[in-house]
Chemist: 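Just dropping this structure here.
No hydrogens, no waters, no symmetry mates; every other heavy atom, side chains included, goes into these values. Residue numbering restarts at 1 for every chain, and letters A, B, ... go by the order of the sequence lines.
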2 protein chains.
Amino acid sequence: MTQQAFYSVHPKFHAAVDCIIFGFEEGELSLLLLQRNFEPAKGRWSLAGGFVEEGEDLDDAARRVVAELTGLDDLYMRQVHTYGEVERDPGERVLSTAYYALVDIKKYDRELVRAHNAFWVKLPAIPRLIFDHDRMVSDALRFMRYQATVKPVGINLLPEEFTLTQLQALYEAILGEPIDKRNFRKRIAQMDYIEKTGGIDKTLSRKGAALYRFNREKYDGNFKI
Amino acid sequence: MTQQAFYSVHPKFHAAVDCIIFGFEEGELSLLLLQRNFEPAKGRWSLAGGFVEEGEDLDDAARRVVAELTGLDDLYMRQVHTYGEVERDPGERVLSTAYYALVDIKKYDRELVRAHNAFWVKLPAIPRLIFDHDRMVSDALRFMRYQATVKPVGINLLPEEFTLTQLQALYEAILGEPIDKRNFRKRIAQMDYIEKTGGIDKTLSRKGAALYRFNREKYDGNFKI
DNA sequence: CCGGTTGAGTGTCAAAATTACACTTACAAA
DNA sequence: TTTGTAAGTGTAATTTTGACACTCAACCGG
């Protein structure tokens, strides 16, 4: 058997990516969802998705899909799972790999999002999604939650500089439960890679809240071996 | 644009599964690896893999690949990750999804394994593997280790009935560090889903060691909501 | 200018979980 | 009956986690 034949006796499939795009606003997690104005499943809600193209890495396809929708590159993205049931897409057989992305919700390109008929929807209010996208969301949420307990990925949902009150609200949203303020700040104080910038945010309090930033070098120094 | 055209403008790809098959013997984790007597990469070591076929779920393809090699069905298997770099398979473009499987190493079909030119290799001694299979192994190992700290998946590597000494040796192999015997037994004692069978194993000690089994009903009762 | 309001910031103690640690027992073989 | 081997057992110290309430700074309105 030639090497060519080795491959060619096997079928090929469409490969897609679907992206669970998380944002954080007003104390709640949101997802960027599309109300589809195109077939198939026109009119229904879905994740941002797209097909993998010739010569394109799987990860890159996911980055492209998110960039085309939000204008944002360089996001924190992680692969969640690949869904390969024969009948999962009623149109044709498609293997789809889900990725989650974390977005600073202040930064996305509003024009692009509008043009795609996409909307930020707060988590508790998300509608039924097409195909198996509901399952993708719950798998992504579980995985993101787990990662957030292990490393400070949540920071990617906040602006460069943030207050501890914002950070706490974020973790409360991610974990879905209230956190004691003093215990939280005690824990953060031990993380030398979350450092004061010296700046002060006065938008929320008369007193003003110290601004912090994530220091990637210190973090990598502590945990990469 | 018709629905047909929606799909057909996009390329298709080969979809493969590669399986990291773990066993446990003599206090060490092993992998079932193939020394390939077929192209491509004939003569080199690889994971057990195969292509997804028409009308076959992705998970089922992974089960089939493991079953064809070991004769074992009904194994504990979990998807690890999908590898989609353009150049990862030097032959043709293939998207490959890795799964790990946990095998009771006493039970596999020796004829089948021999026929496939496959061998159990203890973890510290595994050779260089083809393509990106090394990376698959290390990702699978990390994932399996994590899962083992969270739920008793390791039990799938032991026979139905096992002694606490075996169980401890297993966890020491999975975690890669020694465990205090009394603390370990204290922890196990709290898990009512690991129960004495009443049987006694005399193969290792004159005194005899109590045999235990995993009670799936009790476990599911405790943790499924 | 002073009292009120708002969110920021801070420390201690109790409970729970984790870790370290060494000897006795049962049995079979010599 | 002595000896060797793996099985089995409890306690105390340490660390980690969780509960809890007031003061501070600054601005606002009267």
Chemist: For A:Asp59 and A:Tyr99, which I'm curious about, is there any donor-acceptor pair between the side chains at under 3.5 Å?
Modeler: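 Per modelled atom types, A:Asp59 and A:Tyr99 side chains form a pair under 3.5 Å.
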Chemist: Has B:Lys196 got more than 12 heavy atoms of other residues, nucleotides or ligands less than 6.0 Å from its NZ?
Modeler: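 No, not enclosed.
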Chemist: In degrees, rounded to 10°, what is the bend between the two ends of the helix from C:dC1-D:dG30 to C:dA30-D:dT1, using five pairs at each?
Modeler: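 One end axis against the other gives 10°.
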Chemist: Applying salt bridge (Lys or Arg N to Asp or Glu O under 4.0 Å), name anything that partners B:Lys207, two or more places apart in sequence or on another chain.
Modeler: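 Partners of B:Lys207 under the salt bridge (Lys or Arg N to Asp or Glu O under 4.0 Å) test: none.
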Chemist: Determine the minimum heavy-atom distance between B:Ile174 and B:Arg145, stating which atoms define it.
Modeler: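 That closest heavy-atom pairing would be O-NE, 2.6 Å.
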Chemist: Salt bridge check, B:Asp132 against B:Arg88: does any charged N sit closer than 4.0 Å to a carboxylate O?
Modeler: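 Looking at B:Arg88 and B:Asp132, the cut-off is met.
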Chemist: Between A:Arg63 and A:Asp60, does at least one N-O distance fall below 4.0 Å, as a salt bridge requires?
Modeler: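 Looking at A:Arg63 and A:Asp60, the cut-off is not met.
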Chemist: Rounded to the nearest Å, what distance is computed from the CG atom of residue A:Asp201 to the P atom of nucleotide D:dA26?
Modeler: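 So the CG-P distance, A:Asp201 to D:dA26, works out to 14 Å.
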Chemist: Can you tell which of A:Val113, A:Leu47, A:Leu129, A:Leu69 makes a side chain to side chain contact (heavy atoms under 4.5 Å, CB included) with A:Leu34?
Modeler: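 Result for side chain to side chain contact (heavy atoms under 4.5 Å, CB included) with A:Leu34: A:Leu69.
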Chemist: Is there any protein nitrogen or oxygen under 3.5 Å from a nitrogen or oxygen in nucleotides 27-30 of chain D, and what are the pairs?
Modeler:
none

Chemist: Hey, would you say the B:Phe131 and B:Tyr83 ring centroids sit under 6.0 Å apart?
Modeler: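 No.
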Chemist: What pairs meet the salt bridge (Lys or Arg N to Asp or Glu O under 4.0 Å) rule with one or both residues in residues 114-126 of chain B, with sequence neighbours excluded?
Modeler: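 Sorted pair list: B:Glu26-B:Lys122, B:Glu111-B:Arg114.
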Chemist: Looking at A:Tyr108, I'd like to know if the NZ or CZ of A:Arg110 sits under 6.0 Å from its six-membered ring centre while staying within 45 degrees of the ring's axis.
Modeler: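 Relative to the ring axis of A:Tyr108, which defines the angle, A:Arg110 lies inside both limits.
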Chemist: Rounded to whole Å, how long is the line connecting atom CG of A:Leu167 with atom P of C:dA8?
Modeler: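 Checked: the CG to P distance equals 13 Å.
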Chemist: Got more than 12 heavy atoms from elsewhere within 6.0 Å of CG, B:Asn37?
Modeler: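 Correct, the count exceeds 12.
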Chemist: Kindly say whether A:Ala98 contributes a backbone atom to a donor-acceptor pair with the side chain of A:Asp18 at under 3.5 angstrom?
Modeler: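 No, because the side chain of A:Asp18 does not come within donor-acceptor range (under 3.5 Å) of the backbone of A:Ala98.
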Chemist: For B:Gln190 and C:dA16, give me the distance from atom CD to atom P, rounded to whole Å.
Modeler: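 Interatomic distance, CD of B:Gln190 to P of C:dA16: 14 Å.
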Chemist: Which nucleotides of nucleotides 7-15 of chain D have their base under 4.0 Å from a protein heavy atom (B), which only their sugar-phosphate (S), and which neither (-), written as one string 5' to 3'?
Modeler: BBBBB----
Chemist: Below 30° counts as parallel, above 60° as perpendicular, anything between as tilted: where do the rings of B:Tyr193 and B:Tyr219 land?
Modeler: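 Perpendicular.
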Chemist: Please list, in numerical order, the residues of residues 150-161 of chain B that have a heavy atom closer than 4.0 Å to any atom of DNA chain C.
Modeler: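 Of all residues in residues 150-161 of chain B, none places a heavy atom under 4.0 Å from DNA chain C.
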